[in-house]
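These notes concern the structure reproduced below.
Every chain is numbered from 1, with letters handed out A, B, ... down the list of sequences. Heavy-atom basis, side chains included; hydrogens, waters and symmetry copies ignored.
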There are 2 protein chains.
Amino acid sequence: MTIGNKTDRRILRTKDAINRAFLEVFSEKEFDRITINDISERANVNRGTIYLHYMDKYDLLNRCINVHLDEMISSCTLTKFTQENVEKNEAIEALKSLFIYIQKNFLFFSSMLSSQKTSLFRERIQKTLTSSIQEKINMQGINQGMDKELIIQFTANAFVGILEWWILNRMPYTAEHMAEQVWTLIERNNINS
Amino acid sequence: MTIGNKTDRRILRTKDAINRAFLEVFSEKEFDRITINDISERANVNRGTIYLHYMDKYDLLNRCINVHLDEMISSCTLTKFTQENVEKNEAIEALKSLFIYIQKNFLFFSSMLSSQKTSLFRERIQKTLTSSIQEKINMQGINQGMDKELIIQFTANAFVGILEWWILNRMPYTAEHMAEQVWTLIERNNINS
DNA sequence: ATGTTATTCAACACTGTGTTGTTTAAAATG
DNA sequence: CATTTTAAACAACACAGTGTTGAATAACAT
């Protein structure tokens, strides 16, 4: 009832099993075609048990994405990317940490993208990037007279697309190479101040 | 059996009714939640009749997208954009025709994007753009030493994203304004030769 | 006017959903 | 350790949607 309330081990175990099973099935089947039974069987859990923890498979997908993306955003130095006055080297390091994080959790990311139900996932990442870019864009120089919102949308979409491409193509370049290239491309649009 | 074979009017009528109904329902409901019954009732057609023309709702969605996108690609001057040695004004005109086409078929595009099942639709457009850009990219100057594939992916994603943004935000700018802005942003990356 | 065939209709077996009441067994607690 | 608590299993349920079938009907082409 109060704070230090440890959750029942059984709950932790089954929730974990369900999540693992879900990711497994998700990487094999299109989301629409996945049934609760698919997941429960893979998790060695009764079908009804899933309804004890999640409303439906949509709820399951949502929470799964949220957990992983929250972890990504906080764990990698993407936070640094949001700060003001970042040096070139620092910016590249931050980008690199992002690519490395994805590399470490490749299975999760690739199954999230291999399935059709990408949009949700993509939207979440893009939202973060958009606000990040919004704070860093410099409307002087090359961007003078241009539409700010358009440049933001342009760049954020380009960035997310590059991430997606990198993952779907099984990470053909190193994180470092990606970081440098992406930095150059973004810097062209006067994003880094 | 031969060429001048006119298809039965009944077929044309019901196919048309099914398509209209599908687009209507699609703009209101998430694709996953749509049932064949939803569509058949809206189309004033027996449920079984839909199975006479389409395998399932996925088939229906696919064919619907294909028909409309084929029309878009051929009808607008996007073809001009693929040719070599385009003048600035010509390029902007081609872009403009694209935005105008979308404007004319706004209902279709917005319902395609308002629903979750965007990916399919997005992928199709992006594929076209990618090959288009691939032919126009200039690896000299600012792009020297950069990775070609990355620039292509970067720009194509940015482009598609801008289209999507424009549609989802109910076309806040004129087609002309969009064409000019987008041209500048793409030109920065040395795409126009 | 007649033959053709697209559509309707009712019925079918089937798969999956979400819920419920009871039983079982594992965990927390003193 | 014994006792209480409660998560999970199980079986059964009504329900919604799928995709198919065969016979009746009505619209169409000729």
Using side-chain contact (heavy atoms from CB on, under 4.5 Å) as the criterion, list what pairs up with [X], not counting sequence neighbours.
X: L107(B); answer: none
X: N169(A); answer: W165(A), P172(A)
X: Q144(A); answer: Q140(A)

Fill in the blank from the handout: Sorted by chain and number, sequence neighbours left out, ring-ring contact (aromatic ring centres under 6.0 Å, His included) with H53(B) holds for none
Problem - Residue list, ring-ring contact (aromatic ring centres under 6.0 Å, His included) with F99(A), at least two apart or on another chain - result: W166(A)
Problem - Contacts of type side-chain hydrogen bond (donor to acceptor under 3.5 Å, both in side chains), residue N66(A), not counting sequence neighbours - result: R124(A)
Rounded to whole angstroms, how far apart are [atom1] on [X] and [atom2] on [N]?
X: D56(B); N: dT15(C); atom1: CG; atom2: P; value: 17 Å
X: D59(A); N: dG18(C); atom1: CG; atom2: P; value: 11 Å
X: Y54(A); N: dG18(C); atom1: OH; atom2: P; value: 15 Å
X: I50(B); N: dT20(D); atom1: CD1; atom2: P; value: 13 Å
X: I36(A); N: dT19(C); atom1: CD1; atom2: P; value: 11 Å
X: R33(A); N: dT17(C); atom1: CZ; atom2: P; value: 14 Å
X: N37(A); N: dG16(C); atom1: CG; atom2: C1'; value: 8 Å
X: Y58(A); N: dT17(C); atom1: OH; atom2: P; value: 10 Å

Exercise for the section: For the pair D38(A) and R42(A), evaluate salt bridge (charged side-chain N to carboxylate O under 4.0 Å, His left out) and give the outcome as yes or no after the intermediate values. Expected result: CA-CA 6 Å; D38(A) 290 338; R42(A) 188 71 64 103; over 6 Å; no
Practice task
Tell me which residues in residues 8-21 of chain A put a heavy atom below 4.0 Å from DNA chain D, sorted by number, or none.
Solution key: D8(A), R10(A), I11(A), T14(A)
Practice task
Output yes when at least one side-chain N/O atom of H53(A) is less than 4.0 Å from OP1 or OP2 of dA7(D), else no.
Solution key: no
Problem - Any donor-acceptor N or O pair under 3.5 Å, side chains N19(B), Y54(B) - result: yes
Practice task
Classify the nucleic acid contact of L52(B) as base, sugar-phosphate or nothing, counting any heavy atom under 4.0 Å across all strands shown.
Solution key: base
Exercise for the section: Can you tell me which residue pairs pass the ring pair (Phe, Tyr, Trp, His ring centres under 6.0 Å) test with a partner in residues 6-25 of chain B, sequence neighbours excluded? Expected result: F22(B)-F26(B)
Problem - Interface residues of residues 41-48 of chain B with DNA chain C (non-hydrogen, below 4.0 angstrom) - result: N44(B), V45(B), N46(B), R47(B)
